[in-house]
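What follows is a set of notes on a single structure, which appears directly below.
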Protein chains: 2
Amino acid sequence: MGTALQRTIHQLRSEDREFFQIAFSVDCVIFGFDKNELKVLLIKSDLEEFNNQWSLLGDLVKPNENLENASYRVLKERTGLDDVYLEQVYTFGEVNRHPAGRVISTAYYSLINIKDHQPKFCDNELHWHPVNEISTLAFDHKTILYTCLERLQSKIEEHPIVFNLLPEKFSLRELQNLYEAILGVKMDRRNFRKKFFLMNWLEDMNELEQDVPHRPGKLYRFNASRFSNGKVKSTPMPV
Amino acid sequence: MGTALQRTIHQLRSEDREFFQIAFSVDCVIFGFDKNELKVLLIKSDLEEFNNQWSLLGDLVKPNENLENASYRVLKERTGLDDVYLEQVYTFGEVNRHPAGRVISTAYYSLINIKDHQPKFCDNELHWHPVNEISTLAFDHKTILYTCLERLQSKIEEHPIVFNLLPEKFSLRELQNLYEAILGVKMDRRNFRKKFFLMNWLEDMNELEQDVPHRPGKLYRFNASRFSNGKVKSTPMPV
DNA sequence: GCAAAAGTGTTAGGGTTACACCCATGC
DNA sequence: GCATGGGTGTAACCCTAACACTTTTGC
């Protein structure tokens with residue numbers, strides 16, 4: 001199956017060990033939202049050490065490629081998407097975190113809209129897993145996943161990034177379901193609506209949901225110009 | 001001056017370029033507090049490319065050393081201190097950030113108490129610089145410094161870490177001056193006292209300041225047990 | 001008409017902010 | 001006694017959280 005450098009980092013086998021002094025990789029926690037669940041895109045590991053466990057998508061960083069570009073490349077190769085939201089979270093550098101040798105890895109998370117892009121990779125070894133139902137992952141990927149999830153949770157409290165997980169037009173109910181899925185809490189519907197309208201992040205499309213078995217809700221889209229005009233609340237603690 | 005691997009990463013010269021495919025380093029933003037100013041510990045760069053500019057303290061990560069240990073080692077070698085507060089912030093991986101070749105670097109910041117430890121390194125090329133008076137630094141170290149400062153600013157809003165910058169016993173005035181120096185804002189004295197006593201992080205030592213030309217203030221120390229018992233306020237946004 | 005979710009306002013409580021006077025000490 | 005900063009309380013405001021009924025649509 002080619003040389004070590006032709007494999008993705010998580011396919012490297014113990015017999016590749018001689019190639020490494022310190023290798024450097026990126027791992028992408030690719031979040032999606034579907035059926036009211038937060039999901040993460042995983043790939044089957046073919047390392048014997050990890051016996052068919054699932055792992056995050058990652059790859060070695062090339063000598064002439066910066067970290068963010070490496071993450072975009074992984075995303076592009078695996079999902080066909082560019083122009084996605086991407087944020088660096090943390091770098092994992094434990095000596096024995098990879099069985100094939102020393103691999104330091106920087107974790108990024110990205111937010112993509114499953115509905116518009118799922119067909120592009122439904123036929124390979126990738127799979128969307130509900131974040132809540134994941135018990136084990138290969139390597140230290142469970143730690144990486146939860147570190148990224150915590151970052152996402154705190155990020156959405158002040159920044160309008162969840163829109164990257166939704167179709168262009170969405171109802172307030174969908175938006176609230178998404179917040180509830182990410183934060184793992186239930187929220188009050190009236191307060192949620194009030195807060196979002198106060199934030200001034202939404203633009204009313206003057207359209208209604210279609211094909212719902214109940215009163216249809218209004219559709220909105222994220223209005224980036226309103227956000228860049230508006231100020232993000234900052235609380236200059238501690239007093 | 002020895003081989004490339006014997007030099008610290010920021011002393012590497014262009015003629016060392018051949019050694020690199022990708023090298024990996026840590027950079028430490030070492031914060032201190034003195035004379036009501038937030039300071040950072042810097043070292044003179046001897047790269048000709050950077051013509052005597054100041055730079056952060058850093059070093060290459062060894063193949064059998066994890067990232068945090070590498071940071072502790074830099075701190076120990078340079079300041080004689082271990083057991084300091086240390087937090088990873090961000091990894092900087094631009095292709096051309098180091099003139100000697102490709103160096104990816106993970107930034108950590110640490111908080112140390114200048115007053116108790118300054119004598120240990122007053123005689124070498126290290127110097128404490130007021131953060132507010134820094135105009136340029138070697139490499140991308142100014143970006144690294146400000147990234148770490150922003151992390152510190154948000155961190156102290158919810159976590160009791162500033163005590164690492166103070167002597168064991170301190171007055172509320174000193175504590176407030178420290179918060180003001182880090183956050184770059186003025187705060188109301190009465191509200192500051194009220195909030196801190198509510199937080200329940202402080203233990204009254206029943207001692208007073210000495211040798212001050214005015215009414216002496218009470219001395220306190222941080223009470224870790226109170227903190228671990230107490231809950232940190234969390235605001236489950238966005239609603 | 002019935003089920004299901006959309007849409008809508010008010011109130012109480014808690015936290016934050018703004019603000020002024022007396023007190024203790026050194027000189 | 002005077003200069004300096006320590007120590008203290010209250011009131012207004014804002015934000016958050018809790019809470020129930022009517023409306024619209026599909027079936």
Side-chain angles (χ1 to χ4, degrees), chain A residues 35-36 153-154 156-158 166 169-181 183-221 230-239, chain B residues 35-36 153-154 156-158 166 169-181 183-221 230-239:
Chain A
K35 301 191 177 62
N36 288 343
Q153 289 173 334
S154 62
I156 66 173
E157 294 185 356
E158 302 207 340
L166 293 172
K169 302 174 189 176
F170 50 86
S171 66
L172 268 173
R173 162 63 55 189
E174 289 174 289
L175 185 61
Q176 181 174 342
N177 286 342
L178 175 51
Y179 270 89
E180 292 180 344
L183 297 173
V185 296
K186 284 288 172 192
M187 293 184 275
D188 180 272
R189 216 166 83 250
R190 278 172 291 191
N191 292 335
F192 186 88
R193 301 173 72 84
K194 206 185 316 173
K195 186 123 179 179
F196 262 87
F197 291 135
L198 273 176
M199 295 242 197
N200 205 27
W201 289 351
L202 299 178
E203 181 180 356
D204 188 338
M205 300 296 288
N206 294 309
E207 290 180 57
L208 296 177
E209 289 178 294
Q210 302 292 325
D211 301 318
V212 288
H214 54 77
R215 174 174 175 179
K218 283 184 165 185
L219 294 178
Y220 300 86
R221 70 174 171 196
K231 48 191 173 307
V232 179
K233 184 186 74 169
S234 82
T235 44
M237 278 260 300
V239 166
Chain B
K35 300 192 178 62
N36 288 342
Q153 289 173 335
S154 62
I156 65 173
E157 294 185 357
E158 302 207 339
L166 293 172
K169 302 174 189 177
F170 50 85
S171 66
L172 268 172
R173 161 65 55 189
E174 289 174 288
L175 186 62
Q176 182 174 342
N177 285 342
L178 175 53
Y179 269 90
E180 291 180 344
L183 297 173
V185 296
K186 284 287 173 192
M187 292 183 274
D188 180 272
R189 216 166 83 250
R190 278 172 292 192
N191 293 334
F192 186 88
R193 302 174 71 83
K194 207 185 318 174
K195 185 125 178 178
F196 262 88
F197 291 134
L198 273 176
M199 294 246 196
N200 205 26
W201 288 351
L202 299 179
E203 181 181 355
D204 187 339
M205 301 297 287
N206 294 309
E207 290 180 59
L208 297 177
E209 289 178 295
Q210 301 293 325
D211 302 319
V212 288
H214 55 76
R215 175 176 173 178
K218 282 184 165 186
L219 294 178
Y220 300 88
R221 69 174 173 196
K231 48 191 175 308
V232 179
K233 184 187 74 170
S234 83
T235 44
M237 278 262 299
V239 165

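Predicted model, so just to flag it, every value in this text is computed and none were measured. Convention: sequence-line order gives letters A, B, ...; per-chain numbering from 1.
- Phe197(A) and Tyr220(A) have tilted rings, their planes meeting at an angle from 30° to 60° on a 0 to 90° scale.
- The nearest whole Å value for the distance from the CZ atom in Arg193(A) to the P atom in dT16(D) is 18 Å.
- For the pair Ser171(A) and Leu198(B), both in contact range of DNA chain C, the more 5′-proximal nearest nucleotide belongs to Ser171(A).
- Mapping His214(A) and Phe197(A) onto DNA chain C via the closest heavy atom, the residue that lands nearer the 5' end is His214(A).
- Nearest heavy atoms, Leu208(B) versus Leu219(B): O-CD1, 3.7 Å.
- Rounded to whole angstrom, the span from the CD atom of Glu157(A) across to the C1' atom of dC15(D) amounts to 15 Å.
- In this model, the phosphate group of dG5(D) is not approached by any side-chain N or O of Arg189(B) to a distance below 4.0 Å at OP1 or OP2.
- Between Glu209(A) atom CD and dG7(C) atom C1' there is a gap of 13 Å when expressed in whole angstrom units.
- Following rounding to the nearest Å, Asp188(A) (CG) and dT16(D) (P) show an atom-to-atom distance of 13 Å.
- A straight line from CG of Asp211(B) to C1' of dC27(C) spans 14 Å, rounded to a whole angstrom.
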Test Phe170(A) against Leu202(A) for side chain to side chain contact (heavy atoms under 4.5 Å, CB included), laying out the working first. CA-CA 10 Å; Phe170(A) 50 86; Leu202(A) 299 178; 3.9 Å; yes
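- The phosphate of dG6(D) (OP1 or OP2) has no side-chain N or O of Lys218(B) nearer than 4.0 angstrom.
- Taking atom CD of residue Glu207(B) and atom P of nucleotide dG6(D), one finds them 17 Å apart after rounding to whole Å.
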Arg189(A) vs Arg173(A), test: side chain to side chain contact (heavy atoms under 4.5 Å, CB included). Steps then yes/no. CA-CA 8 Å; Arg189(A) 216 166 83 250; Arg173(A) 162 63 55 189; 2.8 Å; yes
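- For Phe192(A) and dT16(D), the CZ to P distance is 14 Å, given to the nearest whole Å.
- Arg173(B) has a side-chain polar atom (N or O) that falls below the 4.0 Å cut-off from OP1 or OP2 of dG6(D).
- Judged by atom type and distance alone, Arg190(A) does not reach the base of dA17(D) through any side-chain donor-acceptor pair under 3.5 Å.
- At a cut-off of 3.5 angstrom, the base of dT10(C) holds at least one donor-acceptor pair with the side chain of Lys194(A).
- In this structure, NZ of Lys186(A) is placed 15 Å from P of dA18(D), rounded to the nearest angstrom.
- When all heavy atoms of Pro216(B) and Glu209(B) are compared, the pair lying nearest together is CB-O, 3.3 Å.
- Side-chain atoms of Arg215(A) stay outside donor-acceptor range of the base of dA3(C), with no qualifying N/O pair under 3.5 Å.
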